[in-house]
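In what follows, every heavy atom counts, from backbone to side chain, and hydrogens, waters and symmetry copies are set aside. Lettering follows sequence order; numbering is per chain, from 1.
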Amino acid sequence: MAKQKTAIVPTREENYPEWYQQVVRAADLAENSDVRGCMVIKPWGYAIWENMQQVLDRMFKDTGHQNAYFPLFIPKSFLEKEAEHVEGFAKECAVVTHHRLEDDGQGGLKPAGELEEPLIVRPTSETIIGAAFARWIESYRDLPLLINQWANVVRWELRTRLFLRTSEFLWQEGHTAHATADQAEAETALMHDIYAEFAEQWMAMPVMKGEKTQGERFPGAVSTLTIEAMMQDRKALQAGTSHFLGQNFAKAQDIMYLSDEGKREHCWTTSWGVSTRLVGGLIMSHADDDGLVLPPKLAPAHMVILPITFKADDPQAVLDYCESLKDDLSKQAYAGRAIEVEIDDRDLRGGDKTWQWVKKGAPIRLEIGQRDIAQDSVFMARRDQSPKDKQSIKRADLIADAADLLQSIQDGLLEKAKAFRAQHTRVVNARDKFYKFFTPKQAEQPEIHGGFALAHWNGDEAIADQVQKDLGVTIRCIPLEGELERGGFGEATGEGKCIFTGEPSRGRVVWAKAY
RNA sequence: CGGGGCGUAGCGCAGCUUGGUAGCGCGCCAUACUGGGGGUGUGGAGGUCGCAGGUUCAAAUCCUGUCGCCCCGACCA
């Protein structure tokens with residue numbers, strides 16, 4: 001039997017990285033720009049990010065945070081204040097050394113006006129925001145200080161991939177200061193929870209909540225909490241992090257307050273962020289060999305209407321019918337916003353147009369022609385079903401059931417992603433089985449293999465380093481208490497013995513290849 | 001920075017070994033027939049072959065240099 005024709009070539013199975021790039025292109029989400037490593041986010045891709053922003057922003061504000069904005073440039077000396085932080089970011093920063101361009105006499109331009117102190121394009125803003133905090137905070141009455149900023153940052157990555165890793169990316173970074181360690185840790189945990197809720201309830205992307213090992217921690221942090229998702233190539237994607245910074249930055253930057261006992265104390269600070277990388281995670285969680293599949297809650301358009309006007313006795317009547325349906329659907333709400341309907345009346349051939357929307361991942365497509373109008377019904381196709389599964393549905397039923405319909409697609413995506421993760425997560429109790437799990441059968445052209453391995457580890461970083469060297473596998477996180485049960489891996493809880501040394505282990509950690 | 005590859009039309013590529021004034025597919029424009037799974041025909045627009053030198057009567061093709069990009073590795077949200 002001939003292979004089913006797919007809208008995306010190659011398929012995931014054939015060449016996953018190439019498939020990813022083709023999905024991004026076919027869905028018209030983004031493209032490489034003229035600047036190395038930087039992307040142009042196109043309207044359909046940016047609209048997804050805007051929806052993410054809107055939901056997250058609401059969640060942040062509902063938990064007492066306020067937005068502010070800090071400079072793009074950071075004085076070099078600021079970045080040098082916290083030792084580990086310097087170490088962690090120094091190698092990947094863009095540096096501004098001049099502030100003017102002059103005619104070079106050969107039709108070109110040359111930098112002029114050297115700066116006294118170089119400016120760093122922010123790779124993250126702990127230091128410059130910390131400096132502001134130091135000015136703003138005087139008394140315990142000023143605490144907690146809960147600030148978030150939506151911004152772009154630059155990390156000069158050596159290898160980039162659209163959305164997943166670009167030299168410049170968009171994100172939000174929360175920065176907070178507290179009077180006690182407990183409060184700061186509670187904040188770190190709260191934001192971690194919010195990220196997990198967003199990933200699962202809005203992106204339909206199941207995540208493992210856990211703590212990073214020392215080797216994987218944010219430079220300068222005391223502890224880092226992370227959410228880790230499994231992509232369809234079974235690699236892990238770090239989708240959001242929340243850092244407890246202890247008093248490290250407060251001490252480096254004199255962020256202090258006067259306590260109610262009249263003593264000057266250092267604050268305890270946190271930072272947390274998610275980025276446009278989430279769009280990459282969304283793609284790799286749900287897209288299939290026909291292109292993008294969008295969870296309805298974040299889809300720029302919930303439904304697309306394709307008017308079938310050729311050969312109609314009265315094309316305008318068909319368009320009018322579509323407009324009226326759109327109006328009625330727009331009066332329905334789903335997940336906190338009006339149902340958004342796009343009418344695509346471009347003069348394109350039907351099949352072509354249909355496939356464009358399949359590739360863009362629109363949750364529901366509606367085809368409406370004269371025949372349907374006569375029966376006061378529409379022809380509906382769901383993106384979570386095969387493109388050929390179309391069904392006629394009464395106009396009134398569609399309007400009444402619209403929200404439920406979208407929710408069922410949303411739920412289905414989460415369930416499917418959970419099942420996929422469960423299928424490729426293994427409880428591993430022996431070193432050889434661990435190595436076998438992460439070794440492809442075809443060494444030349446590795447097939448999609450591996451997944452999450454839940455295995456005991458004695459806590460020795462040297463062993464983790466060796467495993468990374470051997471297999472390219474790292475510890476994604478140490479699951480939080482109760483997290484394995486929550487994910488459906490209850491049998492993996494409890495103490496045991498390190499599979500590499502036989503030494504005691506307090507619990508299994510999650511191992512995987514990572515993005 | 002180490003290893004590999006590539007720069008020819010908007011995109012994807014062929015042509016280069018055996019030099020002779022540039023070609024294919026998709027896309028784009030017009031038009032006709034079509035039309036609820038990516039249709040077909042006809043007629044068009046569009047490139048001087050990354051850049052700079054050199055060899056030659058003649059260079060996309062040979063030589064030298066140079067710039068850029070991609071993939072694998074090290075580094076990373």
Q. Does CG belonging to Asp376(A) count more than 12 external heavy atoms closer than 6.0 Å?
A. yes

Q) Once you round it to whole Å, what is the distance between P of A77(B) and CG of Leu170(A)? A) 17 Å

Q) Which residue, Gly351(A) or Glu92(A), contacts RNA chain B at a nucleotide closer to its 5' end, judged by nearest heavy atom? A) Gly351(A)

Q: Classify the side chain of Arg349(A) versus the base of G38(B) as yes if they form a donor-acceptor pair under 3.5 Å and no if they do not.
A: no

Q) What is the distance, rounded to the nearest whole Å, between atom CG of Leu225(A) and atom C1' of A77(B)? A) 15 Å

Q. Aromatic ring centroids of His449(A) and Phe437(A) under 6.0 Å?
A. no

(Q) What I want to check is whether the side chains of Ser125(A) and Glu173(A) have a donor and an acceptor closer together than 3.5 Å. (A) yes

**Q.** Rounded distance in Å - CZ (Phe310(A)) to P (G39(B))
**A.** 14 Å

Q: Can you tell me the distance, in whole Å, between the CZ atom of Arg36(A) and the P atom of G50(B)?
A: 23 Å

Q: Just call it for Ala7(A): base, sugar-phosphate, or nothing, with non-hydrogen atoms closer than 4.0 Å on any strand.
A: base

Q: Flag the pair Trp49(A) / Phe169(A) as yes when their ring centroid distance falls below 6.0 Å, and as no otherwise.
A: no

Q: Classify the nucleic acid contact of Thr166(A) as base, sugar-phosphate or nothing, counting any heavy atom under 4.0 Å across all strands shown.
A: base

Q. Between Arg277(A) and Gln21(A), which is nearer to the 5' end of RNA chain B once each is assigned its nearest nucleotide?
A. Gln21(A)

Q. Separation of Arg365(A) atom CZ from G38(B) atom C1', in whole Å?
A. 12 Å

Q) Once you round it to whole Å, what is the distance between P of G38(B) and CG of Leu306(A)? A) 14 Å

Q: Taking only the side-chain heavy atoms of Phe169(A) (C-beta and beyond), determine which of G36(B), G38(B), A77(B) contains the nearest atom.
A: A77(B)

**Q.** Nucleotide nearest Ile308(A) (side chain, heavy atoms from C-beta), chosen from A77(B), C71(B), G36(B)
**A.** G36(B)

Q: For nucleotides A59(B) and U48(B), find the distance between their C1' atoms and express it as a whole number of Å.
A: 11 Å

Q. If you measure from the ring centre of Phe379(A) to the centre of the six-membered ring in the base of G36(B), is it under 5.5 Å, with the planes under 30° apart?
A. no

Q | P atoms of A22(B) and C16(B), separation to the nearest Å | A | 16 Å

Q) Is a donor on one side and an acceptor on the other found under 3.5 Å between the side chain of Arg12(A) and the backbone of Tyr20(A)? A) no

Q. What distance, rounded to whole Å, do you find between the two P atoms, one in G7(B) and one in C51(B)?
A. 13 Å

Q) Ignoring hydrogens and angles, does a donor from either the side chain of Asp372(A) or the base of G36(B) sit under 3.5 Å from an acceptor on the other? A) yes

Q | Rounded distance in Å - CG (Asn32(A)) to C1' (C71(B)) | A | 13 Å

Q) Between Trp511(A) and Phe434(A), is the ring centre distance below 6.0 Å? A) yes

Q | Nearest listed nucleotide, side chain of Glu367(A), among C75(B), G36(B), A77(B) | A | G36(B)

Q) What integer number of Å spans the P atoms of G65(B) and C57(B)? A) 24 Å

Q.
Here's one to test your reading of the geometry: is the NZ or CZ of Arg365(A) within 45 degrees of the ring axis of Trp355(A) and under 6.0 Å from its centre?
A. no

Q) If you check every side-chain atom of Lys359(A), which of G36(B), A77(B), G38(B) has the closest atom? A) G38(B)

Q | Touch class at under 4.0 angstrom, heavy-atom based, for Thr241(A) against every strand present | A | nothing

**Q.** Rounded interatomic separation in angstrom, taking CG from Leu348(A) and P from G39(B)
**A.** 10 Å

Q. Which is true for Glu157(A) with a 4.0 Å heavy-atom rule: it touches a base, it touches only sugar-phosphate, or it touches nothing?
A. base

Q: Could you give the distance separating A14(B) and U31(B) at their C1' atoms, to the nearest angstrom?
A: 31 Å

**Q.** Which nucleotide in G38(B), C70(B), A77(B) has an atom nearest any side-chain atom of Trp355(A)
**A.** G38(B)

Q.
Once you apply a heavy-atom cut-off of 4.0 Å, does Leu237(A) come out as touching a base, just sugar-phosphate, or nothing?
A. nothing

